[in-house]
Protein chains: 2
Amino acid sequence: MNVALTTRIKCRDCPIRHRAVCSRCDDDEMALLEAMKTYRVYRAGDPILWRGEKLTFVASVVHGVATLGKSLEDGRTQMVGLLLPSDFIGRPGRRHIDFDVVAATDVTLCCFDRKPFELLIETMPHIAQRLAEIALDELDSARDWMVLLGRKTAREKIASFIEMLVRRQGIVSLDGSTPDLALPLTRDEIANYLGLTLETVSRHLSSMKSEGILRFTDRRHFEVSDFDALHAATGDDTA
Amino acid sequence: MNVALTTRIKCRDCPIRHRAVCSRCDDDEMALLEAMKTYRVYRAGDPILWRGEKLTFVASVVHGVATLGKSLEDGRTQMVGLLLPSDFIGRPGRRHIDFDVVAATDVTLCCFDRKPFELLIETMPHIAQRLAEIALDELDSARDWMVLLGRKTAREKIASFIEMLVRRQGIVSLDGSTPDLALPLTRDEIANYLGLTLETVSRHLSSMKSEGILRFTDRRHFEVSDFDALHAATGDDTA
DNA sequence: CGCCGGTTTGACATACTTCAAGAGAAGTGG
DNA sequence: CCACTTCTCTTGAAGTATGTCAAACCGGCG
């Protein structure tokens with residue numbers, strides 16, 4: 001089995017201490033959580049939860065990136081979320097999960113058995129408060145993604161995706177260029193995320209390269225040479 | 001101005017009492033909410049909140065249907081949610097709203113000023129608990145919608161939309177037909193919801209009519225004559 | 001009656017997909 | 001170190017679903 005226990009991190013040393021579902025909890029509450037939690041570790045590519053599976057635990061992502069996706073009958077798939085550190089997995093109150101969760105990189109989860117966690121929601125207001133915030137934030141970004149999926153052209157989708165990567169991991173210098181950035185997903189995964197095919201993704205990345213907007217140092221590493229042009233290609237208004 | 005006060009409903013007689021953000025509250029808590037709430041009424045077509053606007057209140061939909069949408073620079077728009085009775089509007093903790101909210105039919109809202117409501121979240125656990133549930137449910141359906149927008153064909157999108165209407169307001173009899181149902185949106189609004197154009201919506205509705213899946217009694221009223229065929233056209237697996 | 005918004009239908013354009021072949025990297029084993 | 005496989009990615013050619021443009025239809029309402 002892919003699941004393994006890892007060295008326990010103390011909650012006070014936890015990298016997601018200030019953002020995860022536990023972030024509003026005080027020291028006493030933290031001690032309680034500390035006693036309940038368990039870790040699970042997955043290797044890149046491993047399935048974490050499969051659609052329809054019984055939902056025995058809920059979890060926060062501690063390290064790594066997981067994808068949240070769903071498939072149609074005939075095998076078409078759509079990624080509906082990228083789970084990054086501090087993101088929450090699972091749906092308290094539901095017996096089964098309705099999505100596929102897969103580790104995109106090596107992933108560490110901080111898990112709580114579902115039943116006890118549901119009790120926690122009843123008895124520890126700080127948990128419910130933070131959970132509501134997290135869910136509402138996630139909802140906002142899901143809705144932004146819906147605009148992208150429903151109305152943007154392939155080029156705009158790809159530009160938006162790159163811009164998101166830049167905003168998340170990079171700094172844009174005054175001349176509109178960025179340092180070297182990693183593409184964390186394969187062309188296929190990007191396509192899956194954007195509602196496109198991998199060929200379309202490849203073609204548009206190539207054309208943005210030949211237009212001088214992007215420069216590839218290698219297939220999985222690139223820099224933006226003209227951030228203004230990139231933003232203009234997203235179709236978003238200049239917010 | 002479009003906003004008007006309406007006759008106050010007592011919370012205990014409220015039609016959304018058991019589903020809205022207040023549904024977990026006990027009698028004492030209810031009394032407090034009763035004192036804080038105000039009603040706002042909008043006519044079909046009226047804007048309720050505009051993107052970027054200051055968010056002075058949050059609200060629950062009591063009657064009617066509102067749409068939640070977002071636009072691109074050049075005017076393309078995408079609907080990202082349909083707000084039905086008991087749905088929640090607003091984002092506690094945010095000063096501004098990032099979407100356009102428009103009344104699709106006449107709408108009544110039960111409103112709370114944002115600041116006092118945020119205090120309520122801190123002090124009244126039942127509110128935060130229910131809000132988390134609502135947001136997580138909404139998130140699940142947003143994600144289902146992302147699959148539709150990203151991967152379904154026009155025909156599948158429309159079949160899915162009709163199926164949703166049926167599940168929400170109708171009953172399917174044993175022979176797979178339904179009673180007369182109302183189409184609450186115009187072709188244009190449906191297109192907007194599905195990430196299509198109104199022409200494409202119209203064409204596919206026509207073809208499903210000629211295939212004997214749907215029957216229109218009038219442009220805004222229809223019945224399903226073959227629910228199995230409808231479901232088969234959605235592309236979803238037989239869940 | 002004649003306008004008007006919502007709708008249908010047609011003809012055409014095109015962005016994206018599909019199918020297919022091949023090139024680069026990266027790993028594997030001799 | 002060099003075949004050999006395998007996987008990812010690129011590029012091309014052809015097909016198609018959906019968008020775009022345009023005209024006509026229909027029911028409602030002044």
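A note on names: the letters A, B, ... follow the listed sequences, proteins ahead of strands, and every chain is numbered from 1.
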For DNA chain D, determine which residues of residues 200-217 of chain B have any heavy atom closer than 4.0 angstrom to one of its atoms, and list them numerically.
-> B/Thr200, B/Arg203, B/His204
Which of B/Leu49, B/Val80, B/Asp87 passes side chain to side chain contact (heavy atoms under 4.5 Å, CB included) with B/Leu68? Answer is B/Val80
Audit row: A/Asp237, B/Lys70, salt bridge (Lys or Arg N to Asp or Glu O under 4.0 Å) steps and yes/no = CA-CA 11 Å; A/Asp237 38 10; B/Lys70 202 164 185 175; over 6 Å; no
CZ on A/Arg151 to CD on B/Gln78, rounded to 0.5 Å | 5.0 Å
Does A/Thr178 reach the main-chain N or O of A/Val224 with its side chain, forming a donor-acceptor pair under 3.5 Å?
-> yes
Taking heavy atoms of chain B and a 4.0 Å limit, find me the 5'-most and 3'-most nucleotide of DNA chain D within that range.
-> D/dT18 to D/dC26
Hey, does B/Arg187 reach any base, or is it just sugar-phosphate, or nothing, if we go heavy atoms under 4.0 Å?
-> sugar-phosphate
B/Thr234, B/Leu165, B/Leu194 screened by side chain to side chain contact (heavy atoms under 4.5 Å, CB included) with B/Ser160, the one that passes = B/Thr234
Is there a donor in the side chain of B/Ser177 and an acceptor in the side chain of B/Asp175, or the other way round, less than 3.5 Å apart?
-> yes
With rounding to the nearest 0.5 Å, note down the distance linking CD1 in B/Ile97 to CZ in B/Arg91.
-> 11.0 Å
Going by the side chain to side chain contact (heavy atoms under 4.5 Å, CB included) test, name the single residue among A/Ile213, A/Val166, A/Ile162 that passes it with A/Phe227.
-> A/Val166
Qualifying salt bridge (Lys or Arg N to Asp or Glu O under 4.0 Å) pairs with a residue from residues 206-222 of chain A, counting only residues at least two apart or across chains | A/Arg155-A/Glu211, A/Arg215-A/Glu223
When you match B/Glu199 and A/Glu199 each to their closest nucleotide on DNA chain C, which lands nearer the 5' end?
-> B/Glu199
If you round to the nearest 0.5 Å, how far is CG of B/Leu139 from CZ of A/Arg143?
-> 9.0 Å
Check side-chain contact (heavy atoms from CB on, under 4.5 Å) between B/Ala103 and all other residues, then give those that pass, not counting sequence neighbours.
-> B/Tyr42, B/Ile48, B/Val107
Residues from residues 146-156 of chain A sitting under 4.0 Å of DNA chain C, heavy atoms only?
-> A/Thr153, A/Ala154
When you list every nucleotide of DNA chain C with an atom under 4.0 Å from a heavy atom of chain A, which one comes first 5' to 3', and which comes last?
-> C/dC16 to C/dA25
